[in-house]
Undergrad: 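Got a structure here, written out as structure tokens. Questions coming.
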Amino acid sequence: MLRALAILIAGIALGLGTAAAAISQLGIGSAVQIGPWQTPIDAGGPGRGAYLRAAAALRATLALSRQEAIYFRATKDSQGHPLRGTCTYNIHGPDLPARWWSITLYGADHYLIANPANRYATASVNATRTPDGGFAITVSPTPHPGNWLDTARTENIVLLARLYQPHPDAAAAPAQIAMPSIDLQGCP
Amino acid sequence: MMRFFTRILLPILLIAAVVHAAAVWAVPRLVMHKVIQAIDQHGGPNTVYHAPQATAAARTIPLPSPDLLYSTCALDLSAGPVEVSVTPGPDYLSLAVFDAATDNSFVTNDENAHGQPIHLLIAGPATPAPSIPQGATLVRLDTARGLLLLRGLAATPELRARNDAARHSLVCRRQ
């Protein structure tokens with residue numbers, strides 16, 4: 001009896017453990033990586049596999065299918081170091097291929113970060129542009145002119161780029177999208 | 001050795017395989033159940049709820065975009081289809097339908113509508129061939145519960161004002 005119980009507990013523990021690892025690893029494994037940015041091929045579409053569906057439910061609940069929106073997530077800078085809210089970063093690149101786009105700053109818990117200006121994101125429709133038509137956003141705990149997102153010194157931060165109604169060539173081949181660089185400017 | 005395999009290791013692996021498959025299947029359904037349950041609290045199923053714009057202090061859906069206005073309707077198709085309509089303005093506005101497993105089964109937007117109202121008839125698996133109103137698009141869900149989610153671009157005060165007016169034309173009701 002005791003042995004049967006031990007077998008049952010071991011089986012459940014092994015099943016849950018491998019499921020959690022598979023959702024984490026296989027969900028990511030099906031993603032496209034562009035520099036520090038990562039996107040599942042299709043975050044919300046019905047053709048996803050079981051592992052991506054489970055991973056997206058946990059990380060991108062209510063994501064749209066790829067024809068309507070493409071989501072890129074970054075937790076590291078372009079040099080591969082984890083993003084930290086005590087540091088200053090420069091996000092810069094060309095205009096993104098979509099009807100409109102936004103880059104939003106979250107805490108590691110995926111909640112927006114409270115800040116005095118209630119400014120959580122920069123979107124294509126309100127971004128200050130660089131002379132070449134691209135954009136630059138400063139992510140920093142200290143004020144900066146132009147497009148500034150306040151980290152409020154939150155330790156771990158996450159960036160999410162959303163491309164709504166991506167251009168057909170971008171939707172067909174998300175791996176070819178020229179995503180912005182995330183360059184570390186300095187840490188205290 | 002053989003006895004250890006057949007009496008201990010094999011049962012553990014079989015139980016683990018079943019639990020593994022069940023957990024992967026259940027995760028999106030549990031997440032969606034929780035989301036629908038939370039939205040149900042705003043007036044019950046098949047009722048439109050216009051959520052306030054997301055801030056650090058308040059959010060209606062997980063991982064919200066602060067540049068969007070969201071309106072929701074928690075779908076209950078067990079008693080028959082639900083009719084949905086909205087009249088978009090000139091700015092980005094989309095209507096997405098999700099089933100109970102988080103799949104985005106259908107999405108359309110203001111550009112697809114070419115300035116015309118969007119009219120959907122959403123039917124569940126138990127509904128036999130519903131009568132489709134003229135001009136409506138039939139959306140079939142594999143599950144009796146689901147979620148309608150309207151997104152309207154609101155990244156500037158002007159966009160917010162226009163799309164707030166547009167989203168208030170959203171109707172979600174039993175046929």
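In this text, all values refer to a predicted model and were calculated from it rather than measured experimentally. Below, read A as the first sequence line, B as the second, and so on, with proteins coming before strands; counting in each chain starts at 1.
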Undergrad: Roughly how far, to the nearest 0.5 Å, is CG of N147(A) from CD1 of I103(A)?
TA: 9.5 Å

Undergrad: Measure A63(A) against the heavy atoms of chain B and call it side chain, backbone, both or neither at under 4.5 Å.
TA: backbone

Undergrad: With chain A as the partner, which of L13(B), L63(B), V27(B), V19(B) has the greatest number of non-hydrogen pairs under 4.5 Å?
TA: L63(B)

Undergrad: Using non-hydrogen atoms and a 4.5 Å limit, figure out which bit of R7(B) sits close to chain A: side chain, backbone, both or neither.
TA: both

Undergrad: Chain B heavy atoms under 4.5 Å from I9(A): which part of the residue, side chain, backbone, both or neither?
TA: neither

Undergrad: Is it the side chain or the backbone of A155(B) that comes within 4.5 Å of chain A heavy atoms, both, or neither?
TA: both

Undergrad: Please check if atom CZ in R173(B) has more than 12 non-hydrogen atoms from other residues, nucleotides or ligands closer than 6.0 Å.
TA: no

Undergrad: Under 4.5 Å between any side-chain heavy atoms of I177(A) and L163(A), yes or no?
TA: yes

Undergrad: May I have all residue pairs that pass side-chain hydrogen bond (donor to acceptor under 3.5 Å, both in side chains) and include part of residues 112-124 of chain B, sequence neighbours excluded?
TA: E83(B)-H119(B), T108(B)-N112(B)

Undergrad: Would you say that V97(B) contacts L75(B) through its side chain, given a criterion of any heavy-atom pair below 4.5 Å between the two side chains?
TA: yes

Undergrad: Do R119(A) and D150(A) meet the salt-bridge criterion of a basic N to acidic O distance under 4.0 Å?
TA: no

Undergrad: Heavy-atom pairs under 4.5 Å with chain A - which of L153(B), I8(B), D142(B), L9(B) has more of them than the others?
TA: L153(B)

Undergrad: Counting a contact as any heavy-atom pair under 4.5 Å apart, which residues of residues 32-54 of chain B contact chain A?
TA: M32(B), V35(B), A54(B)

Undergrad: What distance separates T72(B) OG1 from Y70(B) OH, expressed to the nearest 0.5 Å?
TA: 11.5 Å

Undergrad: Between I113(A) and chain B, which part of the residue has a heavy atom less than 4.5 Å away: side chain, backbone, both or neither?
TA: backbone

Undergrad: Which atom pairs, donor and acceptor, lie under 3.5 Å between side-chain atoms of residues 179-188 of chain A and protein residues at least two apart or in another chain?
TA:
| residue | atom | partner | partner atom | Å |
| --- | --- | --- | --- | --- |
| D183(A) | OD2 | H92(A) | NE2 | 2.7 |

Undergrad: Non-hydrogen atoms of chain A under 4.5 Å away: do they reach the side chain of L10(B), the backbone, both or neither?
TA: neither

Undergrad: Please classify the contact of L30(B) with chain A as side chain, backbone, both or neither, using a heavy-atom distance under 4.5 Å.
TA: neither

Undergrad: Does the Y89(A) side chain pair with the main chain of R84(A), one donor and one acceptor, at a distance under 3.5 Å?
TA: yes

Undergrad: Looking at R3(A), H110(A), Q165(A), which has the largest count of heavy-atom pairs under 4.5 Å with chain B?
TA: Q165(A)

Undergrad: Mind checking the OG1-CG spacing from T102(B) to L147(B)? Nearest 0.5 Å is all I need.
TA: 11.0 Å

Undergrad: Who else is in the cluster with L138(B) when I, L, V, M, F, W and Y are joined by side-chain contacts under 4.5 Å?
TA: L121(B), I132(B)

Undergrad: Nearest 0.5 Å, what's the CG-CG distance between N115(A) and L105(A)?
TA: 8.5 Å

Undergrad: Do R162(A) and Y164(A) have side chains that get closer than 4.5 Å, going by heavy atoms?
TA: yes

Undergrad: Measuring heavy-atom distances to chain B, does T104(A) have an atom under 4.5 Å in its side chain, in its backbone, in both, or in neither?
TA: side chain

Undergrad: Heavy-atom distance under 4.5 Å to chain A: side chain of L149(B), backbone, both or neither?
TA: side chain

Undergrad: Out of T156(B), N109(B), V18(B), V107(B), which one racks up the most heavy-atom pairs below 4.5 Å with chain A?
TA: N109(B)

Undergrad: Of all of L8(A), L14(A), L62(A), which one pairs up most often with chain B through heavy atoms under 4.5 Å apart?
TA: L62(A)

Undergrad: Can you tell which part of Y92(B) gets under 4.5 Å to a heavy atom of chain A, answering side chain, backbone, both or neither?
TA: both

Undergrad: Can you say whether R53(A) sits under 4.5 Å from chain B via the side chain, the backbone, both, or neither, judging by heavy atoms?
TA: both

Undergrad: Of all the heavy-atom pairs spanning I91(A) and W37(A), show the shortest one and how long it is.
TA: CG2-CZ2, 4.4 Å

